[in-house]
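Here is the structure we will look at, set down as structure tokens.
Below, read A as the first sequence line, B as the second, and so on, with proteins coming before strands; counting in each chain starts at 1.
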There are 2 protein chains.
Amino acid sequence: MPKPDPSLVDGLFQLSFVLLARLSRIAAEHDLSVVQVRLLGILRDREPGMLELARHLELEKSSLSGLVDRAEKRGLVERIPSPSDRRAATIRVTAQGRKLSRVIAEAVTAEVDALVHVLPEADRKRLAVLVERVCASSATLGAASRTR
Amino acid sequence: MPKPDPSLVDGLFQLSFVLLARLSRIAAEHDLSVVQVRLLGILRDREPGMLELARHLELEKSSLSGLVDRAEKRGLVERIPSPSDRRAATIRVTAQGRKLSRVIAEAVTAEVDALVHVLPEADRKRLAVLVERVCASSATLGAASRTR
DNA sequence: TATTGTTATACTCTATAACTATA
DNA sequence: TATAGTTATAGAGTATAACAATA
């Protein structure tokens with residue numbers, strides 16, 4: 001009977017809320033939302049179109065228009081018209097956006113890193129491996145992504 | 001030099017987004033938002049006033065009025081006037097709210113449990129312990145909570 | 001016809017500031 | 001005066017549906 005105690009699941013969600021709250025607070029200190037931070041993060045090594053971006057963020061394309069509008073208005077991203085398809089554009093992070101993204105990432109990493117440093121080196125390594133495996137299983141087991 | 005590779009932090013955030021996306025999808029299937037689910041969760045074993053509820057959710061009290069309004073309109077919670085203080089009220093989850101909360105919690109737990117079952121029993125136990133410790137360190141190191 | 005993206009509309013969520021009523 | 005809570009207002013984020021322009 002796979003009727004396991006939910007303490008692991010509860011713990012994982014508790015940790016998720018802690019991490020997200022911290023990300024949210026740090027982002028807000030720079031007048032950004034979590035979604036905007038994610039947007040900039042995705043653009044770090046990609047120059048996707050609106051549809052691809054929507055897929056990455058799991059949002060409707062119409063939701064992206066406003067999201068990108070606001071980011072563009074702040075000079076964080078640019079719409080680059082596609083030369084081959086006059087309907088399409090790709091979204092590119094600006095130097096300013098990249099910088100802001102980096103500042104936030106560093107602050108968040110420093111803070112969360114301090115958190116995980118209650119664990120000794122060996123345990124941190126082990127935790128990283130375990131978390132990595134669960135993430136991989138999520139990609140395989142889909143559901144959230146498989147739905148579309 | 002504490003300049004650690006950020007792979008653990010990245011992994012933790014990646015996992016957080018996966019979990020939140022799943023919670024969000026399952027909640028949406030029941031026409032609830034993540035915040036509403038958290039609200040019901042907090043009320044599972046408490047009957048707090050608006051201010052206490054705001055503190056738990058890390059929201060302004062004014063944000064709670066609407067939140068509770070919408071939950072009350074759907075019959076998920078009730079405002080119980082305090083007999084001793086005519087300004088105050090406590091928020092109580094209804095039987096319907098409790099039931100909905102349970103249904104969602106079970107669906108989420110089942111799904112995430114399936115995810116963590118890529119790990120063998122021993123690793124799941126270990127993961128639970130490590131996650132628990134990091135959560136505890138968050139409570140100690142504050143920052144998110146210490147700010148207020 | 002199909003695809004890329006935007007616009008119109010409506011709702012939830014959130015904060016700040018001002019307010020009401022009670023303590 | 002101080003506290004519990006609401007209201008007014010504004011803005012971000014999101015979805016659905018309809019639309020425009022291009023393929």
Side-chain angles (χ1 to χ4, degrees), chain A residues 17 20-21 23-40 42 47-74 76-92 144 147-148, chain B residues 17 20-21 23-40 42 47-74 76-92 144 147-148:
Chain A
F17 284 125
L20 265 294
L23 172 55
S24 176
R25 175 177 47 76
I26 291 170
E29 285 166 5
H30 299 269
D31 283 302
L32 277 191
S33 68
V34 170
V35 180
Q36 295 282 352
V37 171
R38 291 185 65 200
L39 170 64
L40 295 181
I42 288 168
E47 194 180 309
M50 294 294 273
L51 291 178
E52 192 184 345
L53 205 42
R55 194 171 45 73
H56 277 291
L57 290 166
E58 301 192 71
L59 294 176
E60 288 302 313
K61 57 182 180 174
S62 62
S63 304
L64 252 100
S65 291
L67 212 58
V68 170
D69 280 351
R70 291 185 291 270
E72 194 172 31
K73 209 163 290 174
R74 288 189 51 181
L76 304 176
V77 308
E78 301 172 293
R79 282 174 166 94
I80 310 289
S82 162
S84 57
D85 184 341
R86 300 222 319 259
R87 296 168 302 179
T90 60
I91 312 304
R92 181 188 294 166
T147 309
R148 285 114 204 216
Chain B
F17 285 126
L20 264 294
L23 172 55
S24 176
R25 174 175 48 77
I26 291 171
E29 285 167 5
H30 298 271
D31 284 303
L32 278 190
S33 69
V34 170
V35 181
Q36 294 282 350
V37 170
R38 290 185 65 200
L39 171 64
L40 296 181
I42 288 168
E47 194 180 310
M50 294 295 272
L51 291 178
E52 192 183 343
L53 206 41
R55 195 172 44 73
H56 277 291
L57 290 167
E58 300 191 70
L59 294 176
E60 288 303 313
K61 57 183 182 175
S62 63
S63 304
L64 252 99
S65 291
L67 211 59
V68 170
D69 280 351
R70 291 184 291 272
E72 194 172 30
K73 210 163 289 174
R74 287 189 51 181
L76 304 176
V77 308
E78 300 172 291
R79 281 174 165 95
I80 310 290
S82 161
S84 56
D85 184 338
R86 300 224 316 260
R87 297 169 300 179
T90 60
I91 312 303
R92 180 188 293 165
T147 310
R148 287 119 201 213

Just how far, in rounded Å, is [atom2] of [N] from [atom1] of [X]?
| X | N | atom1 | atom2 | answer |
| --- | --- | --- | --- | --- |
| A:Leu51 | D:dT22 | CG | P | 17 Å |
| B:Leu53 | C:dC13 | CG | P | 13 Å |
| B:Arg70 | C:dC13 | CZ | C1' | 6 Å |
| A:Glu60 | C:dT6 | CD | P | 14 Å |
| B:Leu20 | D:dT14 | CG | P | 13 Å |
| B:Arg25 | D:dA15 | CZ | C1' | 17 Å |
| A:Leu64 | D:dA12 | CG | P | 15 Å |
| A:Leu67 | C:dT7 | CG | P | 15 Å |

Return the nearest nucleotide to the side chain of [X]; candidates are [options].
| X | options | result |
| --- | --- | --- |
| B:Arg86 | C:dT22, D:dT7, D:dT14 | C:dT22 |
| B:Asp85 | C:dT22, D:dG13, C:dT6 | C:dT22 |
| A:Leu59 | D:dG5, D:dT14, C:dC13 | D:dT14 |
| B:Val35 | C:dC13, D:dA23, D:dT16 | C:dC13 |

If we ignore hydrogens and angles and just use 3.5 Å, is the side chain of A:Glu78 paired with the main-chain N or O of A:Ile91 as donor and acceptor?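 Side chain of A:Glu78 to backbone of A:Ile91, a donor-acceptor pair under 3.5 Å: no, none is there.
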Give one of base, sugar-phosphate or nothing for A:Ser84, where a contact means two heavy atoms less than 4.0 Å apart.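 The residue A:Ser84 makes sugar-phosphate contact but no base contact.
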A:Arg74 and A:Leu32: which non-hydrogen atoms are nearest, and at how many Å?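 Nearest pair, atom of A:Arg74 first, then A:Leu32: NH1-CD2, 3.4 Å.
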For a quick test of reading the model: is some side-chain N or O of [X] closer than 4.0 Å to OP1 or OP2 of [N]?
| X | N | result |
| --- | --- | --- |
| A:Arg87 | D:dA20 | no |
| B:Ser63 | C:dA15 | yes |
| A:Arg79 | C:dT6 | yes |

When you match A:Val34 and A:Lys61 each to their closest nucleotide on DNA chain D, which lands nearer the 5' end?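 Nearer the 5' end of the strand: A:Val34.
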side-chain contact (heavy atoms from CB on, under 4.5 Å), that's the test. Do B:Leu67 and B:Leu57 meet it? Break it down for me. CA-CA 11 Å; B:Leu67 211 59; B:Leu57 290 167; 4.1 Å; yes
B:Arg55 CZ to B:Leu51 CG distance, which is reported to the nearest 0.5 Å: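 The CZ atom of B:Arg55 sits 9.5 Å away from the CG atom of B:Leu51.
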Could you go through A:Arg25 and B:Glu58, starting from their C-alpha distance and side-chain angles, then the distance that decides it, and tell me whether this counts as side-chain contact (heavy atoms from CB on, under 4.5 Å)? CA-CA 11 Å; A:Arg25 175 177 47 76; B:Glu58 300 191 70; over 6 Å; no
Distance-only donor-acceptor test, A:Ser62 side-chain atoms vs D:dT14 base atoms, 3.5 Å: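 No such pair is found, so the answer is no.
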